[in-house]
Amino acid sequence: MNAIALPAIEFHTPQLIGKPVEKLVRKLRDVQEIFSNRKACASLDPETVVYEVESWFPVTEDTEGGLFTGITHILPGQVGNEYFMTKGHFHQIRNRSEYYFGIQGTGMLLLMDEDRVTRAEKMYPGSIHYIPGHTAHRTANTGNTVLSFGAVWLADAGHDYETIRQQGFSRILINLHGAPALVKNEQVPE
Ligand code: PAN
Ligand code: ZN
């Protein structure tokens with residue numbers, strides 16, 4: 001008879017638990033350059049946690065066809081009128097796609113193609129988002145509570161943060177009179 005085992009990992013909303021989950025904490029001091037308003041950023045405590053990522057890597061990064069999973073938790077907050085958000089990236093292997101799914105809280109997923117056309121999708125518990133290849137992705141917490149979302153991506157995708165660090169997104173998400181608005185990023189070329 002075959003042994004029946006518990007799965008290797010469990011989904012305990014909203015946390016990934018079990019071995020060997022790896023946890024990454026991004027504080028304001030780690031991500032300060034992603035925010036447009038540097039002055040507002042400098043007035044906040046650099047030790048403020050902006051987001052945390054819990055990931056499970058069941059195979060090595062060079063495993064073609066392998067999958068990784070993780071949960072990101074973005075704290076509520078703003079730098080000036082810009083919501084707390086992730087660094088954002090293209091995948092190193094550009095055609096690698098990804099799924100995101102909303103677990104708790106509300107937010108927005110920014111998607112920018114290689115022609116720098118940016119759109120946004122609302123995130124909420126139960127929302128599912130297909131991120132096509134060749135598309136940079138960044139998430140922002142637009143609510144007053146923690147935004148948690150799951151992700152599933154290809155193990156060999158890799159993360160290219162440098163392109164976004166240099167060129168930014170063509171649009172930024174700001175709190176305009178109490179509601180999220182996707183507006184032109186004046187600090188980068190169109
Ligand atoms: C996600 C992201 C996570 C954090 O797991 O890595 O939300 O965002 P940054 O990596 O942009 O800081 C994912 O998209 N993986 O591919
Ligand atoms: Zn990704």
Side-chain angles (χ1 to χ4, degrees), residues 9 11 14-16 20-35 41 48-77 79 82-114 118-125 127-143 146-173 185:
I9 197 156
F11 184 75
Q15 254 184 328
L16 270 190
V21 167
E22 289 183 28
K23 191 169 167 177
L24 180 83
V25 179
R26 295 271 189 225
K27 297 184 174 179
L28 203 50
R29 66 173 151 80
D30 306 315
V31 295
Q32 53 191 3
E33 61 179 17
I34 67 176
F35 295 103
C41 198
T48 307
V49 173
V50 179
Y51 62 99
E52 298 181 351
V53 189
E54 295 151 0
S55 304
W56 187 43
F57 307 115
V59 292
T60 56
E61 276 184 17
D62 54 2
T63 308
E64 194 183 328
L67 291 170
F68 290 159
T69 191
I71 297 183
T72 302
H73 309 276
I74 308 181
L75 280 293
V79 175
E82 208 171 1
Y83 299 103
F84 276 12
M85 61 182 174
T86 60
K87 287 168 72 168
H89 57 269
F90 282 100
H91 289 151
Q92 196 75 46
I93 300 181
R94 284 290 193 274
N95 71 4
R96 295 309 195 241
S97 50
E98 180 164 6
Y99 272 115
Y100 277 6
F101 41 99
I103 297 171
Q104 66 173 8
T106 50
M108 212 66 96
L109 166 62
L110 268 60
L111 297 162
M112 182 178 74
D113 67 21
E114 288 176 310
T118 302
R119 63 195 171 91
E121 290 182 4
K122 280 185 184 174
M123 301 181 86
Y124 51 88
S127 65
I128 296 187
H129 310 269
Y130 179 67
I131 301 168
H134 302 274
T135 307
H137 38 293
R138 159 178 285 166
T139 41
N141 184 346
T142 57
V146 176
L147 168 70
S148 301
F149 63 92
V152 177
W153 66 102
L154 286 145
D156 66 355
H159 294 88
D160 169 13
Y161 292 106
E162 194 52 25
T163 302
I164 293 301
R165 199 183 69 76
Q166 288 177 12
Q167 302 173 7
F169 276 70
S170 59
R171 297 280 182 278
I172 59 169
L173 192 71
N185 184 354

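When a residue number appears, it is its place in the shown sequence, counting from 1. Read the numbers this way: they start at 1 and go in the same order the structure lists the ligands and their atoms.
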May I ask you to say whether Arg94 pairs ionically with Asp160, meaning some side-chain N is under 4.0 Å from a carboxylate O?
->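 Asp160 and Arg94: salt-bridged.
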Charged N to carboxylate O below 4.0 Å: is that the case for Glu98 and Arg96?
-> no
Would you please say whether a donor-acceptor pair under 3.5 Å links the side chains of Gln104 and Ser148?
-> yes
Donor + acceptor pair across side chains of His73, Gln15 (<3.5 Å) | no
Atom pairs and distances, ligand 1 N/O vs protein N/O under 3.5 Å:
residue, atom, partner, partner atom, Å
ligand 1, 7 (O), Thr72, OG1, 2.7
ligand 1, 10 (O), His89, ND1, 3.3
ligand 1, 10 (O), Tyr161, OH, 2.5
ligand 1, 11 (O), Gly88, N, 2.8
ligand 1, 11 (O), His89, ND1, 3.0
ligand 1, 12 (O), Tyr51, OH, 2.5
ligand 1, 14 (O), His89, NE2, 3.1
ligand 1, 14 (O), Glu98, OE1, 3.1
ligand 1, 14 (O), Glu98, OE2, 3.0
ligand 1, 14 (O), Tyr100, OH, 2.6
ligand 1, 14 (O), His137, NE2, 3.3
ligand 1, 15 (N), Glu98, OE2, 3.0
ligand 1, 15 (N), His159, NE2, 3.2
ligand 1, 16 (O), His89, NE2, 3.4
ligand 1, 16 (O), His91, NE2, 3.2
ligand 1, 16 (O), Glu98, OE1, 2.9
ligand 1, 16 (O), Glu98, OE2, 3.2
ligand 1, 16 (O), His159, NE2, 2.8

Shell check on the Zn ion (ligand 2): protein N, O or S atoms less than 2.8 Å away are His89 NE2, His91 NE2, Glu98 OE1, His137 NE2
For atom OH of Tyr99, decide whether the heavy atoms of other residues, nucleotides or ligands shown that lie under 6.0 angstrom number more than 12.
->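 Open: at most 12 neighbouring heavy atoms sit under 6.0 Å from OH of Tyr99.
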So, do Phe149 and Phe101 have ring centers that fall under 6.0 Å from each other?
-> no
Does the pair His137 and His89 meet the rule for a side chain to side chain donor-acceptor pair (under 3.5 Å), with working shown?
-> CA-CA 6 Å; His137 38 293; His89 57 269; 2.8 Å; yes
Please confirm whether the backbone N or O of Gly133 pairs with a side-chain atom of Thr135, one donor and one acceptor, at under 3.5 Å?
->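 It does hold such a pair.
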Evaluation steps, side chain to side chain donor-acceptor pair (under 3.5 Å), between Ser127 and His129 = CA-CA 7 Å; Ser127 65; His129 310 269; 2.8 Å; yes
